[in-house]
Amino acid sequence: MIEKSQTILNKLGLHARAAAKLSHLANSFNSDIHIVFNEDRVNAKSLLGILTLAAAVGNDITIVAEGDDEKEAVAAICDLFNRKFDEEN
Amino acid sequence: MIKGLIITHGDLGRELIQVAEKILERKADLAFLSLNWEDDGSDMDDQLDRFIVKNKNHDIIIFTDMFGGSPSNISTRFINQKIEVISGINLPGLLKFITYREKQTDLKKLVKIIEKGAIDGISILSEYLGEKK
């Protein structure tokens, strides 16, 4: 199992389109992937689950992955966050 | 794949599909029928018939905007083993349908997933956020 902390960098936070991109990416991996924010833990493969976090820019979330491709999954998800979900130049 | 059709008063269905496609950044493969305020629904009945004949080899979910409204009443007579109707569709429910229809091919299970997504998508935010604090 891998856990990695990640700061939300895009202005709009984990809003609908960002959550859709995140869940789409998470679904491309075999591993179980969760996003933890404060006391909440949601399935990263669920768009509506991610939205319930209402996580905003500057918030720190934790990505937790477990499975045969956990390393690649966490790396790809961190990359998506660091690219600000391709929303900003 | 299970087919989907949204039937609503006015263009609500078309708008819901457009918003869902924008969020997911892909086409949703969903049809819509809009009931004009002046119509008595007979034209919609024919269009619905045509949609069902065209997709006779598929299971179908018909989404309507409100239980008891004409779109819902017209759809009710088509319910059978291969056709389910879900009333009161909203954006969270529709997103559930689009994102689950490829992995959940059992019609009865898929409609339960969508129903739960749509209901869970409604919250009184002061209460929801209060619980989280």
Side-chain angles (χ1 to χ4, degrees), chain A residues 8 10-62 67-69 73 76-77 79-81 83-89, chain B residues 1-2 4 6 12-30 61 63 86 88-106 109-133:
Chain A
I8 297 174
N10 63 313
K11 245 186 248 170
L12 298 173
L14 284 182
H15 66 117
R17 275 170 292 136
K21 281 184 184 170
L22 175 54
S23 62
H24 185 68
L25 178 63
N27 270 295
S28 67
F29 294 98
N30 297 322
S31 298
D32 287 331
I33 308 168
H34 289 87
I35 304 292
V36 182
F37 177 53
N38 294 331
E39 303 297 304
D40 296 318
R41 177 189 173 93
V42 300
N43 185 349
K45 298 182 181 183
S46 164
L47 161 57
L48 299 180
I50 296 166
L51 287 176
T52 63
L53 296 176
V57 61
N59 289 152
D60 291 321
I61 55 101
T62 304
D68 56 8
D69 52 6
I77 290 169
D79 182 53
L80 183 65
F81 276 89
R83 293 197 328 259
K84 300 180 180 179
F85 294 88
D86 302 322
E87 290 171 353
E88 299 160 37
N89 295 325
Chain B
M1 192 162 70
I2 295 171
I6 307 186
L12 192 56
R14 187 181 67 183
E15 295 296 329
L16 272 174
I17 294 170
Q18 281 181 356
V19 172
E21 287 181 337
K22 184 81 184 161
I23 289 171
L24 297 171
E25 294 185 333
R26 62 183 162 108
K27 285 284 166 198
D29 185 22
L30 259 160
I61 301 176
F63 300 96
I86 296 180
I89 191 61
N90 57 14
L91 188 57
L94 198 61
L95 290 171
K96 275 280 179 197
F97 171 67
I98 299 167
T99 54
Y100 273 79
R101 66 196 296 200
E102 282 161 17
K103 37 192 169 185
Q104 181 51 264
T105 54
D106 183 310
K109 286 182 184 163
L110 183 59
V111 289
K112 294 308 284 184
I113 290 170
I114 297 165
E115 182 195 37
K116 185 175 186 318
I119 292 171
D120 289 351
I122 297 172
S123 299
I124 298 171
L125 290 191
S126 61
E127 291 178 5
Y128 179 74
L129 296 172
E131 277 171 19
K132 287 179 83 172
K133 276 176 191 165

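Quick note on labels: first sequence line is chain A, next is B, and so on, each numbered from 1.
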Please classify the contact between A/Ser23 and chain B as side chain, backbone, both or neither, with a heavy-atom cut-off of under 4.5 Å.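 Neither part.
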Below 4.5 Å, heavy atoms only, C-beta onward: do B/Glu25 and A/His24 meet side chain to side chain? no
Would you say that B/Leu95 contacts A/Leu48 through its side chain, given a criterion of any heavy-atom pair below 4.5 Å between the two side chains?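 Side-chain contact under 4.5 Å: yes.
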Rounded to the nearest 0.5 Å, what separation is found between the CD1 atom of B/Ile23 and the NZ atom of A/Lys21? 12.5 Å
So how far is it from A/Asn27 CG to B/Thr99 OG1, rounded to the nearest 0.5 Å?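 Going from CG on A/Asn27 over to OG1 on B/Thr99, the span is 8.0 Å.
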ring-ring contact (aromatic ring centres under 6.0 Å, His included) partners for A/Phe81, two or more places apart: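 Only A/Phe85 meet the ring-ring contact (aromatic ring centres under 6.0 Å, His included) criterion with A/Phe81.
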NZ of B/Lys103: more than 12 outside heavy atoms within 6.0 angstrom?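 Count over threshold, so yes.
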So which heavy atom on B/Leu24 is nearest to which on A/Ala20, and how close? CD2-CB, 3.9 Å
